[in-house]
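Only one structure is covered here, and it is reproduced in the block below.
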Amino acid sequence: MDLALQRIPPSYHKRMGGRNPRIFHLSGPSGNTWEVTLVKAEDELYFEHGWPNFVRDHSLEHGDLLVFSCIQESRFGVRIFGLNGCPKQNVRCPQSPKEEGEFKKRKEESGRRPGTGDRPESNHNMRFTVTIKDSNIRFRYMTIPKRFARTNNLLDKSMVVLRDPLGNKWPVTLRLRDRPSTLNMIHEWQDFSTANGLRVGDICVFQLLADEVKVDRFSMVVHINKIP
C-alpha cells in the first residue's frame with residue numbers, strides 16, 4: 001500500500017471498460033465519504049489528490065490491508081484491516097481550518113498519531129494474508145508461508161487449531177514437505193473451507209495466538225473477507 005498514491009490493479013482496468021471517471025468517492029468504515037482524483041501515469045491508474053486525506057483520516061500504516069468493493073461506477077466501499085488482522089475503525093472526519101490547527105497542536109503535545117490511543121504496536125510477524133486460489137479449493141490444502149513458519153518455530157508442529165469468525169474451532173492436520181519445503185494444512189482444511197464458504201478471491205488473514213503454541217500444535221484466528 002502506497003501512502004501517497006494508491007494504484008488501481010490492471011485487472012480492474014478491463015472491468016472499467018475504458019471508462020475512467022476523473023473523480024471517485026471512497027466510503028470508509030465510518031460511512032463517511034472521501035473524494036479522490038484518478039490520474040494516469042505510464043499506463044497505470046492511481047488515486048492521487050484526496051488519497052492522502054483518506055490515509056491521514058484513517059491513520060493508515062504500511063502493512064494495513066484494504067479491501068475495495070465497487071458500489072457504483074465511481075464509488076467504492078473500503079474495509080480496513082490492521083497489522084493484527086482486525087478491522088480498523090478509528091477515523092478522523094474532515095475538520096475546519098481552526099479545528100485542524102487545534103488537532104495538530106494536540107498531536108504534537110501527545111506525541112502520538114491520531115486514533116492510535118495507547119494500543120501497543122502490532123507485530124506483523126504474527127500473521128499472514130492469503131488470497132484463496134483455485135488450488136486451495138480443488139486440491140484441499142493451504143500453505144503456511146515458510147518464512148512465517150520458521151520465524152514462529154512452527155515447522156515441527158503436527159496440528160493447527162483454526163478459529164473461524166464465529167469462534168468455532170477446527171483442528172487441522174499439518175504436513176511438512178521436503179520438495180519444495182512447505183508446511184501445508186491438509187485433510188480437515190477442506191472441512192474448514194467448506195463450512196466457511198470460501199471461494200476463489202476471498203481474502204483470509206491468519207493471526208497466530210502466541211500464548212497457545214504447544215508442544216505439537218498451535219492456534220490461529222482466521223479473519224475472512226468475502227469477495228462481493
Handout entry: By ring-ring contact (aromatic ring centres under 6.0 Å, His included) - contacts of Phe206 (at least two apart)
Key = Phe128
Handout entry: Partners meeting salt bridge (charged side-chain N to carboxylate O under 4.0 Å, His left out) with Arg163 (sequence neighbours left out)
Key = Glu212
Fill in the blank from the handout: For Val172 and Trp189 the tightest heavy-atom approach is CG1-N, 3.7 Å
Handout entry: Aromatic plane relationship, His58 with Phe54 - under 30° parallel, 30 to 60° tilted, over 60° perpendicular
Key = tilted
Handout entry: Heavy-atom pair with the smallest gap, counting every atom of Cys204 and Leu198
Key = SG-CD2, 3.9 Å
Handout entry: Nearest non-hydrogen partners of Gly197 and Asp202, listed with the distance
Key = O-OD2, 3.8 Å
Problem - Partners passing salt bridge (charged side-chain N to carboxylate O under 4.0 Å, His left out) against Asp216 (at least two apart in sequence or in another chain) - result: none
Exercise for the section: With Phe218 as reference, evaluate Val161, Leu209, Leu174 under the side-chain contact (heavy atoms from CB on, under 4.5 Å) test and give the passing residue. Expected result: Leu174
Exercise for the section: Evaluate whether atom CZ of Arg175 has more than 12 neighbouring non-hydrogen atoms of other residues, nucleotides or ligands under 6.0 angstrom away. Expected result: no
Exercise for the section: Please list, chain by chain and in numerical order, all residues satisfying side chain to side chain contact (heavy atoms under 4.5 Å, CB included) with Asn153, sequence neighbours excluded. Expected result: none
Handout entry: Connected-component partners of Leu166 among ILVMFWY, side-chain separation under 4.5 Å
Key = none
Exercise for the section: Tell me, please, which residues at least two apart from Tyr141 pass ring-ring contact (aromatic ring centres under 6.0 Å, His included). Expected result: none
